[in-house]
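Treat the numbers as computed from the prediction; the structure is a model and nothing was measured. Proteins get letters first, then strands, A, B, ... in listed order; numbering begins at 1 in each.
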Number of protein chains: 2
Amino acid sequence: MPPETLTPDRILEATEDVLRRFGPAKATVVDVARALGVSHGSVYRHFGSKAALREAVTERWLDQSHAELSAVAEAAGPAGPRLRAWLTALFAAKRRKSGSDPELFATYMVLVGENSGVVDRHIETMIEQLAGIVENGISQGEFRSVDPATAARAVWDATNRFHDPAYAADWSRPGIDAAFDAVCELVLRGLHA
Amino acid sequence: MPPETLTPDRILEATEDVLRRFGPAKATVVDVARALGVSHGSVYRHFGSKAALREAVTERWLDQSHAELSAVAEAAGPAGPRLRAWLTALFAAKRRKSGSDPELFATYMVLVGENSGVVDRHIETMIEQLAGIVENGISQGEFRSVDPATAARAVWDATNRFHDPAYAADWSRPGIDAAFDAVCELVLRGLHA
């Protein structure tokens, strides 16, 4: 078997693995290189610094749910149920991430704290998807006429108990699903024409 | 001048002062007693343990805004503007607390983390006030018919970016007032008949 080419994706996967094993305080570029069986110079050819590597792995992690959510945002049909489906998919993705691998989740919380630019871009993308749904709801006469960007940001803020990792500990508490439904209902009613 | 009687209130004021000076990790009951010029036994006669004293001072701090908010909740007139006034007063009180004395605010965040029962009771009181406004809005035909307790909890959750101390760093950012207005608008529209 020929040796695998060293791609950015392979480096990011190895970095995730190294972070999971050593934690964000101890993980080094040398650990990543060792896990890949290459020199650390080879890693630096793709990511110019440890900071750049950490930023890229954070971005990849945050973006994992983009594709799935984007499909929901662009589906056909009325905007109300689509908005609810989008919020439900986002909450499910966040719960999955925090529940299935809590150690890696904690690691990413550290990285997220380091890379606020990456987080801001992620939130911008999320709010753009929301604005698309709102805009579509207005054009179908289903939602009242509002500024889609402002309304999308308000929907994002109003639902933050169900997507902001600061609340991850709440997501397994009894009553959380009912609380989510009640906020969705309030937000949807707030948008309806 | 006769010596002042040692009341729970005087002890709590001295405790707040000691916490501000020494921080929550170092402050002791002996420090509180020394500040009051009494023996630590005298303090223990009012608060049976250091934990009880910390809990009481946390409760007092959280409750400071109750009276003001309760007056807003019970004012006359239409429920919509009253709900907005209540949310505005809550946000203003939280901002004031976090901005005017950030060190004490950080101290209280530690205490709040220790005393989740106190926090739960505080939130319950807040949601009861909200439920009173919602109920009144329904009886005046201004709000649609919902379960007041569920709707009040949803309003609380939907506005948490503007009262949860986890977001204190956001409260001085540009655009925060517009974001608050947009969420209020969404929530009020969501309740209206």
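Put simply, A:Leu12 and A:Val30 are part of two different groups of oily side chains (I, L, V, M, F, W, Y) that touch within less than 4.5 Å, one to the next. In the hydrophobic clustering of ILVMFWY residues, with side-chain heavy atoms under 4.5 Å counting as a link, B:Val110 and B:Val18 come out apart. The hydrophobic cluster containing B:Val119 also contains B:Leu111, counting ILVMFWY residues as joined when their side-chain heavy atoms lie under 4.5 angstrom apart, directly or transitively. Residues B:Leu62 and B:Ile123 are members of one and the same hydrophobic cluster, defined by side-chain heavy-atom contacts under 4.5 angstrom among Ile, Leu, Val, Met, Phe, Trp and Tyr.
In this structure, chain A has no heavy atom under 4.5 Å from any part of B:Leu188. Of the two parts of B:Phe180, neither the backbone nor the side chain holds a non-hydrogen atom closer than 4.5 Å to a non-hydrogen atom of chain A.
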Would you list the atom pairs in which one atom of chain B and one of chain A form a donor-acceptor pair under 3.5 Å?
{"from": "B:Asp157", "atom 1": "OD1", "to": "A:Arg161", "atom 2": "NH1", "distance (Å)": "3.4"}
{"from": "B:Asp157", "atom 1": "OD2", "to": "A:Arg161", "atom 2": "NH1", "distance (Å)": "2.9"}
{"from": "B:Asn160", "atom 1": "OD1", "to": "A:Asn160", "atom 2": "ND2", "distance (Å)": "3.3"}
{"from": "B:Asn160", "atom 1": "ND2", "to": "A:Asn160", "atom 2": "OD1", "distance (Å)": "3.4"}
{"from": "B:Asn160", "atom 1": "ND2", "to": "A:Tyr167", "atom 2": "OH", "distance (Å)": "3.1"}
{"from": "B:Arg161", "atom 1": "NH1", "to": "A:Asp157", "atom 2": "OD1", "distance (Å)": "3.3"}
{"from": "B:Arg161", "atom 1": "NH1", "to": "A:Asp157", "atom 2": "OD2", "distance (Å)": "2.9"}
{"from": "B:Asp164", "atom 1": "OD2", "to": "A:Tyr167", "atom 2": "OH", "distance (Å)": "2.7"}
{"from": "B:Tyr167", "atom 1": "OH", "to": "A:Asn160", "atom 2": "ND2", "distance (Å)": "3.1"}
{"from": "B:Tyr167", "atom 1": "OH", "to": "A:Asp164", "atom 2": "OD2", "distance (Å)": "2.6"}

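Ranked by heavy-atom pairs shorter than 4.5 Å toward chain A, the options B:Leu186, B:Val183, B:Val146, B:Val155 are led by B:Leu186.
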